[in-house]
Amino acid sequence: MTKTKRGSIARKRRTKSSSFTSSFHGALTRTISQQRRKALVSSQRDRDRKKRDFRSLWISRINAIIGQNKEKIYYSNLMYNLYKNQLLLNRKIVAQIAILKDNCLFTIANDIINKNSPETELREGGRIKEICMIK
């Protein structure tokens, strides 16, 4: 009888899973699959954590810049009035404005909270472009 070669499919499966976990070359198949599962769980958890960390970073940046203003403007009051006036500026954009042009953020905050300018002018972006010189 001729000798048959076996196990090519199983070998392909094992090498594919071991290439996913590069540090476990001589490990058992069970150890490799456990490590792979752990890596997938960790990556999902850390992606969620990254979103949370960036949001807290943006909030702290906005709060730090607003705290320098002579008039007392609180972060929560600013964000409430942004959404109430239907200005579509999320925390990321407001944080970038705060870092690049802090006087622009002060002007926007004062206009929104004190309601010195009409809401429609703010919503269309005319006054914001004027103040910040955004192109």
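Along the sequence shown, the residues carry numbers beginning at 1. Any value given below was found using the heavy atoms of this structure, including those in side chains, with hydrogens, waters and symmetry copies removed.
The shortest heavy-atom contact between A98 and L105 is CB-CD2, 3.5 Å. Nearest heavy atoms, L78 versus A109: CD1-CB, 3.7 Å.
For the pair N63 (side chain) and I59 (backbone), a donor-acceptor distance under 3.5 Å is absent.
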| said: Please determine whether side chain to side chain donor-acceptor pair (under 3.5 Å) holds for the pair N85 and N81, giving the CA-CA distance in whole Å, both sets of side-chain angles, and the decisive distance to 0.1 Å. | reply: CA-CA 6 Å; N85 290 328; N81 285 312; 5.3 Å; no

| request: Output, in order, the C-alpha distance, side-chain angles, deciding distance and verdict of side chain to side chain contact (heavy atoms under 4.5 Å, CB included) for N103 and K101. | output: CA-CA 6 Å; N103 60 348; K101 297 190 174 197; 4.0 Å; yes

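Atom-to-atom distance recorded for S42:OG and Q35:CD is 8.5 Å, nearest 0.5 angstrom. To the nearest 0.5 Å, the span separating CG on L87 from CG on D111 amounts to 10.0 Å.
For R47, the side chain to side chain donor-acceptor pair (under 3.5 Å) criterion is met by Q44, not counting sequence neighbours. Judged as a salt bridge (Lys or Arg N to Asp or Glu O under 4.0 Å), and not counting sequence neighbours, the contacts of R49 are D53. Remark: R91 engages Y75 in a side chain to side chain donor-acceptor pair (under 3.5 Å) (not counting sequence neighbours).
Around CD1 of I9, the count of heavy atoms belonging to other residues, nucleotides or ligands within 6.0 Å does not exceed 12.
Counting only heavy atoms from C-beta outward, the side chains of I32 and R30 never approach each other to under 4.5 Å. For the pair W58 and N90, the minimum side-chain heavy-atom distance is 4.5 Å or more. When side chains are defined from C-beta on, I62 does not count as touching I97, because their heavy atoms never get closer than 4.5 Å. Residues K50 and D46 form no side-chain contact, since every pair of their non-hydrogen atoms from C-beta on lies 4.5 Å or further apart.
When the side chains of ILVMFWY residues are joined at heavy-atom separations under 4.5 Å, either directly or via intervening members, I93 and M79 end up in a single hydrophobic cluster. Residues V94 and Y83 share a single hydrophobic cluster, defined by chaining ILVMFWY side chains whose heavy atoms lie under 4.5 Å apart.
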